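Take a look at the structure set out below.
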Amino acid sequence: MDDLIAGLNLQQQQAVMCAPGPVLVLAGPGSGKTRVLTHRIAYLIGQMGVSPYNILAVTFTNKAAREMENRVTDLLSGQVRGITLGTFHAICARILRREAEYLPVTSSFIIFDEDDQLQMVKQAIRDLNLDEKRYTPRSVHAGISSAKNELIGVDEFLVNTYRDEVIKRVYRRYQELLLAGNGVDFDDLLLHTANLLEEHPDVCEKYAHCFEYILVDEFQDTNMAQYKLLKHLASFHRNIFVVGDMDQSIYRWRGADYRNLMRFERDYPDAQVILLEQNYRSTQNILDAAMAVIDRNPNRTPKQLYTERGSGASIVLYEAFHDHEEAAFVVNTIANLVARKQASPGDFTIMYRTNAQSRVLEEAFLYANLPYHIVGAQRFYGRREIKDLIAYLRLAHNPKDEISLLRVINTPPRKIGMKTLEALHTQSQRMGLSPGDLLLKLHQDMQASRAEPESYEALSGRATAQLVNFSDLLAGWRGFLAGEVGQSPSPLQLLDRILEDVDYRNYIDDGTEEGQSRWENVLELRRLAAENRERDLASFLEQIALVSDQDTLETSSNVPTLLTLHAAKGLEFPIVFIVGLNDGVLPHNRSLDEPEEMMEERRLFYVGITRAKDRLYLLYSQQRNTYGYPDYAEPSRFLEDIPSSLFAEVQPARSATEWSSSKPIAEERWESLKPADGVSGTKAGQEKKHKREASSSYPPSTRVQHPMWGEGLVLNCQSQDGDEVLDIFFEGVGLKRVIASLARLQIKT
DNA sequence: ATGGACAATGTTTTT
DNA sequence: CATTGTCCAT
C-alpha cells in the first residue's frame, strides 16, 4: 500500500485512492496522468480486491494501451490477466464480434481503413452518377464520418442544403456497399456498439454489470459516439474514472469534442474533480510560456502549472531569413550541442505544423550528412505493396470484399482493364452476386467443363479468359483456406502461397533501390505474420486494421526526430524545436476566420511547447516557400503572447547574401558527431541512403560545379541503366536530382 | 491495356 | 514543388 502510493503527490494519491463513483481528473501536461491511471488500476486490484475481469481501461492508441499494461503488470507483479484493456476501436470490435447476431454483418466482418473508405465513397458517388469534381470523396466522407461520430444514422441525417442531400444519398449508398462487403469502417465500430447498447437493454446490462470499474485516458479526445458508449457501459456501477485536459484537445476535425469534459460534469454532478497541476517534465520557463499561450483561450478551467525543477534555460526565439536558413539553424544548433557533448542526438525533436515542412529540414540534415528519424510521413500499412498484399488476404478471407478485389485483380497486371471490370460488374449485378462470388462461380462452371453458357452474356470471350485465370487463383486460395490440404493454414502460409502464385516479388522488386525497399517491406509483413502465427486470418486482419503507425514508432536509435505537432502529443523530449511559427503556418491559413479552429491551433502550439523538458527553440522566418514560390510571412500571432522576459536575446537574422555565402560546417566535425551505430536518416518510402560507390565518378561528398545552379555537394549516387543518378545539394537552390551524363558537371577540388 | 505526357491541386490524421 | 489524376498515343 505504502509502496503503491510512494512517490505520488497529494493530488495524485487522492485520485488513485478516491472512493468509487464518477471521477474527473483534469491533468495538465507532464502531470503524471498515466501514473495515476496505472496506479489506480493497481490500487483497485491490489487493495480493493477488484477482479481484473471487472475492469475496463480504454485508450486511443495501441501504444498507450501497451504501455499501460506493462506498467500495471510491473506494479502488481503480474496479476493483471483478465483486465479489458485496449483502444476504443479494438474493444468495440471485440464486443461486436461477440454480439454479431444483432448486427447487419456477420461476426467475421472486416474493418475498412481510411483508404478503403475513400474508395468506397468514390464508388458510391459514381453509382449515384454524381459529379466527382464537385463532391470530392474526401469532403463527402468527412461529412459522413462526422455524422457517424455524432451517432447520426442515414435516416436521421438532416438536410438543409442541396449539398447535405448529396451527402445523405452517398451515405446511404456507402452503407449499402459496406454491408455488401460484410464490412464496417472505423466509425461504425463505435456507432454500432453505441447503438447496440442503446437498443438492446439486455446486452447493455450484461456489459454494464461486468465492467465494475471503467477508466478512460485522453478523455478530451472522445467524440459523441464514444461518450454515449461509455455512459452505457457505466450505467450500472457508475464507477467511471476519466482523465483529460481540454487544453490538449487537438483532434476536433476528427470528431473529438473537449466539451465532453463539461458534459461529464453535468451528467455526473456528484463527480469528484481532481486537478493535477504539478509538472514533472518541463522547466518553469517552458511552463510559463505554455501558460501564456493557452491563457488566451476563453472558457477554460485555469490551471497553474508549476514545477520544482527551477526556471531553467531561457527560450530561444530565432528569426530566420527564410525557411532554408531556419532548417540550417536547427541542424547547426544540434551539431554544435552534440559536438560540445552537451546533448546527444536523440535528445532533439523538431516539430512542425504540416508534413510538407519536413522537406527543408530533411535537406538540411542530408546536406550536413547527419542522420535523422522522421515520424509519420508514410505509414507502413499505407504503402502500396503492403496494401496490395493485405487486399489479397482480405479477398481470400472474404470474396465479397469488392474494394480489395478491385485493388488486386489487375495487380500485377493481368490484362484486366476498365472494359473487363465493367463487364464483370454488369454481369454480377445481373446475377445478383458480388463480383467475387461471380468469379468463384465462374471457376466452378469451368471446372465442371460447362463451356461458358449464355448466362455470362455480358462477358466477351477475351475478358472471360483473363477473369477465369484470376478466378482459378482465388478459388485456389479459398480451398487452401478451407483446409483442403489438411489443416487450415496460418495467415503466413496463405501469404506465402499468394506471393508465390502471383509472383509478387518479380512484380515489385525491379532491381532499383526503391524496388528492393518495397520487397523489404513485404518481408517485414511476412515477419509480422510469422509473429502472429497463432492467430487466425480474421484476427490477423483485425490486428492490422487497428494498428497505426504511431504504434510502430521506435525511439531506440539515437538520432533527432522530426514529427508533426499532432504526432508529438503524449511524448516528451529534452530539447524541442518548433519551426515555421509564422501566421498562416501555425495558426494555419484555413483556421484564421474560424474562432473554434483558431483555439485549436493555439492548443496545438501549447501541446508542442509542453513536450520540451529542458530547452525550447521557437523559430519563424521572414520569408518562406509555399508550393515552391517564396512568400513574405508574418511571425505567428501566438508569439506575441509569450512575455519577452522568457526569451534569450534574439539573435539577428543573417541576410540572404550572408547565408548563401556561408560555409558548411567543417567535415571533421560531422565525423565526430556521427553516432556509433551509424543509422542513416531515412524518409520512409523513399530512402535516400548515402551509398559509397567506389566505381562512381561522383561519389558522395564530391564538390561539383553546375552551369545553372553553381557549386553543390553530391549527397547520393546510384547507377541506373548504365548511367548515374546523383542527388546534389546546391546552396541557395536546394536538393536536385540529375543524370550525370546530361548535367554538365565539373568536379571541384 | 498500358505507359507517358499534361493539368489540377494542395492541413493536421490516435483508429 | 511534388503528388495525383486524366487524356492520348501506342
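Values reported hereafter were calculated over all heavy atoms of this structure, with side chains retained and with hydrogens, waters and symmetry mates removed. We name chains A, B, ... by the order of the sequence lines, and we start the count at 1 in each one. A quick note: this is a predicted structure, and the numbers were derived from the prediction, not measured.
Between Arg602(A) atom CZ and dT11(B) atom P there is a gap of 24 Å when expressed in whole angstrom units. Regarding Asp115(A), its CG atom lies at a distance of 13 Å from the C1' atom of dT4(C), rounded to whole Å. For the pair Arg624(A) CZ and dC1(C) P, the computed distance is 17 Å after rounding to whole Å. Atom P of nucleotide dT13(B) and atom CG of Asp187(A) are separated by 18 Å, given to the nearest angstrom. Spacing between atom CG of Asn355(A) and atom P of dT11(B) amounts to 10 Å, rounded to whole angstrom units. In this entry the distance linking CD of Glu594(A) with C1' of dT12(B) reads 15 Å, nearest Å. Between the CG atom of Asp221(A) and the C1' atom of dT12(B) there is a distance of 13 Å, rounded to whole Å. Ile578(A) has its CD1 atom 15 Å from the C1' atom of dT12(B), to the nearest Å.
Salt-bridge formation is detected for the pair Asp217(A)/Lys33(A): a Lys NZ or Arg NE/NH1/NH2 atom is positioned less than 4.0 Å from an Asp or Glu carboxylate oxygen.
With dT13(B), dT11(B), dA2(C) as the candidates, the nucleotide lying closest to the side chain of Arg359(A) is dA2(C). The side chain of Arg590(A) sits closest to dG10(B) out of dG10(B), dT13(B), dT3(C).
Of the listed residues (Arg252(A), Arg254(A), Lys569(A)), just one forms a side-chain hydrogen bond (donor to acceptor under 3.5 Å, both in side chains) with Asp221(A), and that residue is Lys569(A).
Contact annotation: Asn589(A) does not reach the phosphate of dG10(B) (side-chain N/O to OP1 or OP2, under 4.0 Å). Taking only side-chain nitrogens and oxygens, Thr564(A) comes nearer than 4.0 Å to OP1 or OP2 of dT13(B).
Between Ala356(A) and Glu114(A), the one whose closest nucleotide on DNA chain B sits nearer the 5' end is Ala356(A).
Judged by the 6.0 Å and 45° rule, Arg97(A) forms a cation-pi pair with Phe109(A).
Under the stacking definition used here (centres under 5.5 Å, planes under 30°), the residue His588(A) qualifies as stacked on the base of dT11(B). Both geometric conditions, a ring-centre gap below 5.5 Å and a plane tilt below 30°, are not fulfilled together for Tyr251(A) over the base of dT13(B).
Taking syn as a glycosidic angle within 90° of 0, dT12(B) does not qualify and is anti.
Not counting sequence neighbours, Asn469(A) has no partner by the side-chain hydrogen bond (donor to acceptor under 3.5 Å, both in side chains) test. Judged as a side-chain hydrogen bond (donor to acceptor under 3.5 Å, both in side chains), and not counting sequence neighbours, the contacts of Asp257(A) are Arg259(A).
No side-chain heavy atom of Glu326(A) sits under 4.5 Å from any side-chain heavy atom of His322(A). At a threshold of 4.5 Å between non-hydrogen side-chain atoms, the residues Leu229(A) and Phe88(A) count as touching.
Remark: side-chain polar atoms of Asn182(A) are not paired, donor with acceptor, to backbone N or O of Ile110(A) under 3.5 angstrom.
Within 3.5 Å, no donor on the side chain of Arg384(A) pairs with an acceptor on the base of dT4(C), nor the reverse. Side-chain N/O atoms of Arg353(A) and base N/O atoms of dT12(B) include a donor-acceptor pair closer than 3.5 Å.
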What pairs of nitrogen or oxygen atoms, one from the protein and one from nucleotides 1-5 of chain B, lie under 3.5 Å apart?
from, atom 1, to, atom 2, distance (Å)
dA1(B), OP1, Gly417(A), N, 3.0
dA1(B), OP1, Thr420(A), OG1, 3.0
dT2(B), OP1, Lys415(A), N, 3.3
dT2(B), OP2, Asn410(A), ND2, 2.8

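Among the heavy atoms of the strands, none lies under 4.0 Å from Gln226(A). Using a 4.0 Å heavy-atom criterion, one finds that Gln466(A) contacts no nucleic acid atom at all. Nucleic acid contact for Arg138(A): base, since at least one base atom lies under 4.0 Å from a heavy atom of the residue.
Here, dT13(B) and dT4(C) have their P atoms 16 Å apart, quoted to the whole Å.
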